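Reviewing the structure listed below.
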Amino acid sequence: MANSRLEKHYSTVSRKELKEHFKFKNDMQIPRLKKISINVSVKDAVTDSKVIDKVYDEIMAITGQKPVITKAKKSIATFKLREGMKIGCKVTLRKTIMYEFLDRLINIALPRVRDFKGLSSKQFDGNGNFSLGIKEQIVFPEVDYNKIDKIRGMNIIIVTSTNSNEEAKFLLKTFNLPFYN
């Protein structure tokens, strides 16, 4: 059963619009969201390993799910980076948590971004996946502005079940994701 507001919207409104617009004969052809991946890499972690703990707590507050700490795969001397060093956090959201996060992203976080004009259609990867970067984690209300030590950005990837950018864009538009072109 659909639990979140956006999940209900998908099952009642979006599926019908997609089926009519693209004239799908089978319900299994209708595009859907598979997952949302959020990644934060922290270059300050090279000099101060405690920074990762703060980023970990922020991502956990934003997503409501425990992130995975990412480590360097190989050493790079010019960046003072050693293999196995903690350099970031990532989390993959699925099902209800994914829809709840997308709802908060669309209705709360994106409107709080300074000078936000909309999302570009050029951010699709050619396989129906959409990537966007947020420069400040403070656009999410779960992050306490007084407790952050530094403004950090994050990469958000929305993965759909389609291989077509056109179908993926139409799916995301049914969720009211603000595209400007």
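As the structure is a prediction and not an experimental result, all values here were calculated from the model.
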Problem set entry | Lys169 to Phe124, cation-pi by 6.0 Å centre distance and 45° axis angle |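 No, a cation-pi geometry is absent between Lys169 and Phe124.
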
Closest non-hydrogen atom pair between [X] and [Y], with its separation:
| X | Y | result |
| --- | --- | --- |
| Ser131 | Ile157 | OG-CG1, 3.7 Å |
| Ile69 | Lys86 | CG2-CG, 3.7 Å |
| Gln123 | Leu132 | NE2-CA, 3.7 Å |
| Ser75 | Glu83 | OG-N, 2.9 Å |
| Pro31 | Glu167 | CG-OE1, 3.8 Å |
| Gly84 | Lys71 | O-CD, 3.5 Å |

Please answer: with hydrophobic residues joined when any side-chain heavy atoms are less than 4.5 Å apart, are [X] and [Y] in the same cluster?
| X | Y | result |
| --- | --- | --- |
| Ile151 | Val55 | yes |
| Ile38 | Val68 | no |
| Leu105 | Leu171 | yes |
| Val159 | Leu6 | no |
| Val113 | Leu172 | yes |

Exercise. Does Arg114 come within less than 4.0 Å of Glu136, counting only side-chain N to carboxylate O?
Worked result: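 The answer is yes: the pair qualifies as a salt bridge.
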
Problem set entry | Worked check of side chain to side chain contact (heavy atoms under 4.5 Å, CB included) between Ile108 and Phe140 | CA-CA 7 Å; Ile108 298 170; Phe140 290 97; over 6 Å; no

Problem set entry | Derivation and outcome, side chain to side chain contact (heavy atoms under 4.5 Å, CB included), residues Asn176 and Asn107 | CA-CA 9 Å; Asn176 295 327; Asn107 297 313; 5.8 Å; no

Main-chain N/O of [Y] paired to [X] side chain as donor or acceptor, under 3.5 Å:
| X | Y | value |
| --- | --- | --- |
| Glu142 | Ala61 | no |
| Ser161 | Arg32 | yes |
| Asn165 | Gly128 | yes |
| Gln65 | Thr92 | yes |
| Asn127 | Asn129 | no |

Nearest-0.5 Å distance, [atom1] of residue [X] to [atom2] of residue [Y]:
| X | Y | atom1 | atom2 | answer |
| --- | --- | --- | --- | --- |
| Asp103 | Met98 | CG | CE | 12.0 Å |
| Lys173 | Leu18 | NZ | CG | 12.5 Å |
| Ile134 | Ile62 | CD1 | CD1 | 8.5 Å |
| Ile138 | Glu58 | CD1 | CD | 10.0 Å |
| Ile36 | Tyr99 | CD1 | OH | 9.0 Å |
| Leu102 | Ile158 | CG | CD1 | 5.0 Å |

Exercise. Is Lys19 atom NZ crowded by more than 12 heavy atoms from other residues, nucleotides or ligands, each under 6.0 Å away?
Worked result: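 Atom NZ in Lys19 is crowded, with more than 12 foreign heavy atoms closer than 6.0 Å.
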
For this session: With ring-ring contact (aromatic ring centres under 6.0 Å, His included) as the test, would you mind laying out the steps for Phe130 and Phe179 before giving the verdict?
Result: CA-CA 12 Å; Phe130 183 73; Phe179 290 100; 5.4 Å; yes

Exercise. Using the ring of each side chain (for Trp, its six-membered ring), is His9 parallel, tilted or perpendicular to Phe175, with breaks at 30° and 60°?
Worked result: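 Tilted: the ring planes of His9 and Phe175 meet at 30° to 60°.
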
Problem set entry | Test side chain to side chain contact (heavy atoms under 4.5 Å, CB included) applied to Phe22 and Gln29, step by step | CA-CA 10 Å; Phe22 292 105; Gln29 291 176 299; over 6 Å; no

